[in-house]
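Labels below follow one simple rule: chain letters A, B, ... track the order of the sequence lines, proteins then strands, and each chain is numbered from 1. Just so it is clear, the values below take in all heavy atoms, side chains as well, and ignore hydrogens, waters and symmetry mates. Nothing here was measured: the structure is a model prediction, and the numbers come from that model.
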There are 2 protein chains.
Amino acid sequence: MSRRRKTPVQIDVVEPAACSVDVRRAILQKVPFLNGLSASDIDVVNEQFREFGFEPGESIYFSGETAVNLYVVAAGQVKLLRHSVSGQDVLLDVLQPGDYFGNLSTLADDVYPDTAQAHTAVCVLSISSEAFRTLLSQYPSVALSVLDITTRRLRDTQKIVQQLSTDSAEQRLAAVLLKLADKLGEVTSDGILIQMPLSRDDLAQMTGTTTETASRIISQFQKEGVVHGGRQWIAITNKAKLEAIAGTEDPA
Amino acid sequence: MSRRRKTPVQIDVVEPAACSVDVRRAILQKVPFLNGLSASDIDVVNEQFREFGFEPGESIYFSGETAVNLYVVAAGQVKLLRHSVSGQDVLLDVLQPGDYFGNLSTLADDVYPDTAQAHTAVCVLSISSEAFRTLLSQYPSVALSVLDITTRRLRDTQKIVQQLSTDSAEQRLAAVLLKLADKLGEVTSDGILIQMPLSRDDLAQMTGTTTETASRIISQFQKEGVVHGGRQWIAITNKAKLEAIAGTEDPA
DNA sequence: CGCTACGTTGATCGCACTCAAGTATAGTGG
DNA sequence: CCACTATACTTGAGTGCGATCAACGTAGCG
């Protein structure tokens, strides 16, 4: 059997230059909640943003810090997580380019409830919460878009609460793989590849289990021919079966 | 020892008359996200609402139904829950007068992700999602208020995800009691009484456990003198200790 | 006054956590 | 180019929390 390559996941090179002022407008035009704005409006908005780059693992802000900014992912992926006192982290979301995070309320003494960490090399745009708030007042259509996105996230998070309350670790793992495949899936010779670096530990933090349990379940999935993966990557080879597992109980 | 009364929880009598057209304006004026509107604006909005009454246990809508309305609690309490295929329900939230629920997006083929059920006798006001959407466009300050409320709910729900992922059943129970006391607490001779009918089963559905486990833990809390409760009610007698339990681990 | 729903308590079982050791892979420097 | 190292991943053995099944007590309602 042939030797497997390092990882089938394509690592984007995010250079500082790729995040310069010149291309910011192009990025902003693709941000979902700004799609109601004209080119000249975008230019006005563009003025208010600053850009920053982060290496994988670097934190963009920590939970507990005074929350003064709103961020938009320009390139790369950002993890939102919460630390518990016992040391284990919970991974709430993995944000893609165009997603917002941070604070959008203007209460001065508000703090970030979660920590934002660069998962890959990322470029983010930032704006003060106050300025963003003004923007929302000026452009009601933007406010409604942001409201829709937030409502969608609330629903998704409520679904996770349900899964944590009623489903087994195996079911939750299957569900999270399907969700990621839906967002980042790419059909390859390995199956539906999830286009992001994804460790067993990441999966554990997303499903409320331990690294060991996640590893055992993924190994089991591999034996059953449901997924195919390696170090920091995973692909789905039998989506139907995975859906059956994620459902109420396996259909056996 | 003297005989205990039925329940110290005060049951509001919600009569149809208490929910009539005449008092709707008064109710709407107290709704948090409408507080930026003038009296005449309220009157215009008032025209668009209809009122409905429900008995305890009745469903206002079911998950899966086409989502066409947005609701506001006028009186009583409404439970938001999700059913799992295995038959167990997850209680996501208990809504108070002034809280909104239902659908606020206007995608025609959208369905309710959760079920709304009257917890007590309730009166709700309803408006079509479309009309509410128009309202949000006309009054940007209302849209921002709704966005703030939704963001707050998202954060609260994310906290629950963390608790389900990292905390023990005992810790989650303590945390939910403290949260309810914060919202509905009333100082009485029994301690901080949670002003709502609250069964062991409700607590179980809020914390992702079973009725039996919730009962065992509440019994334990009673032995430790932390809470005091009976059929469908509970009061906190030692808040500091409960907070210690809800924290990382008991301080022993 | 009996029926029904809520609550309690006990016994048993199993999923997933914990602790522990060991393997494999990718990047690093000689 | 290859040994070296760090990190990811795997696998095993033992344990315990909480689910499940079961039976019984109890309060409130009609």
Side-chain angles (χ1 to χ4, degrees), chain A residues 1-9 11 55-57 84 86-88 90 119 163-174 196-223 227-234 245 249-250, chain B residues 1-9 11 55-57 84 86-90 119 163-174 196-205 207-223 227-234 245 249-250:
Chain A
M1 191 157 278
S2 69
R3 222 178 120 61
R4 173 147 295 286
R5 63 198 170 292
K6 299 195 275 193
T7 175
V9 176
I11 308 295
E55 292 301 305
S84 74
S86 54
Q88 55 188 319
V90 176
H119 185 233
Q163 290 172 338
L164 286 167
S165 298
T166 66
D167 293 355
S168 67
E170 187 186 38
Q171 289 175 304
R172 272 144 39 204
L173 225 352
M196 66 176 284
L198 190 64
S199 68
R200 304 294 180 269
D201 209 46
D202 291 328
L203 288 171
Q205 290 181 358
M206 284 188 234
T207 51
T209 52
T210 58
T211 311
E212 294 93 327
T213 296
S215 179
R216 274 182 246 272
I217 291 171
I218 297 296
S219 295
Q220 181 63 27
F221 283 173
Q222 297 218 52
K223 272 179 207 148
V227 304
H228 180 209
R231 194 188 176 90
Q232 301 256 50
W233 68 273
I234 196 162
I245 293 169
E249 199 56 50
D250 62 303
Chain B
M1 187 157 282
S2 68
R3 218 178 124 60
R4 174 149 293 286
R5 64 197 172 293
K6 296 195 278 191
T7 175
V9 176
I11 307 294
E55 292 301 304
S84 74
S86 53
Q88 54 187 318
D89 292 340
V90 176
H119 185 233
Q163 290 172 338
L164 287 167
S165 298
T166 66
D167 294 355
S168 67
E170 186 185 39
Q171 289 175 305
R172 272 143 39 203
L173 227 349
M196 67 176 283
L198 192 63
S199 67
R200 304 294 180 268
D201 208 46
D202 291 328
L203 289 170
Q205 290 181 2
T207 52
T209 52
T210 58
T211 310
E212 294 94 329
T213 295
S215 179
R216 275 183 246 271
I217 292 171
I218 296 296
S219 295
Q220 181 63 28
F221 283 173
Q222 298 218 52
K223 273 180 207 150
V227 303
H228 180 208
R231 195 187 175 89
Q232 301 257 49
W233 68 272
I234 196 161
I245 293 170
E249 197 57 50
D250 62 302

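Contact between the side-chain N/O atoms of A/Ser168 and the OP1/OP2 oxygens of C/dC15 is not found at any separation under 4.0 Å.
Side-chain contact between A/Gln222 and A/Val227 is present, with heavy atoms from C-beta onward closer than 4.5 Å. Put simply, the side chain of B/Ile234 does not reach to within 4.5 Å of the side chain of B/His228, judged on heavy atoms.
Looking only at distances, a side-chain donor or acceptor of B/His119 sits under 3.5 Å from a matching main-chain atom of B/Pro197. A donor-acceptor pair under 3.5 Å links the side-chain atoms of A/Arg172 to the main chain of A/Asp167, judged by distance alone. Remark: side-chain polar atoms of A/Arg200 are not paired, donor with acceptor, to backbone N or O of A/Ser215 under 3.5 angstrom.
Nucleic acid contact class of B/Gly57 (heavy atoms, under 4.0 Å, all strands): none. Using a 4.0 Å heavy-atom cutoff across all strands shown, B/Ser199 reaches sugar-phosphate atoms only and no base atom. Nucleic acid contact for B/Ser219: sugar-phosphate only, since backbone atoms but no base atoms lie under 4.0 Å from a heavy atom of the residue.
Taking the side chain of B/Arg216 as heavy atoms from C-beta on, and the options C/dG10, D/dG18, D/dT10, the nearest nucleotide is C/dG10. For A/Glu212, whose side chain is taken as the heavy atoms from C-beta onward, the closest listed nucleotide among C/dT8, D/dC21, D/dT11 is D/dT11. Of the candidate nucleotides C/dC17, C/dT8, C/dC6, C/dC17 has the atom lying nearest to any side-chain atom of A/Thr209.
Atom CG in B/Leu203 sits roughly 15 Å away from atom P in D/dG18 (whole-Å rounding). A/Gln220 places its CD atom 12 Å from the P atom of C/dC15, with the value rounded to the nearest Å. Between the P atom of D/dT11 and the CD1 atom of A/Ile217 lies a distance of 14 Å, rounded to the nearest Å. Rounding to whole angstrom units, CH2 of residue B/Trp233 and C1' of D/dG28 are separated by 16 Å. When the C1' atom of C/dG7 is taken as reference, atom CZ of B/Phe221 falls 17 Å away, rounded to whole Å. In this structure, A/Gln205 places its CD atom 14 Å from C1' of D/dA8, rounding to the nearest Å. For the pair A/Asp202 CG and D/dT7 P, the computed distance is 15 Å after rounding to whole Å. Between B/Asp167 atom CG and C/dC17 atom P there is a gap of 14 Å when expressed in whole angstrom units.
Map A/Thr213 and A/Arg231 each onto its nearest nucleotide of DNA chain D; the residue landing nearer the 5' end is A/Arg231.
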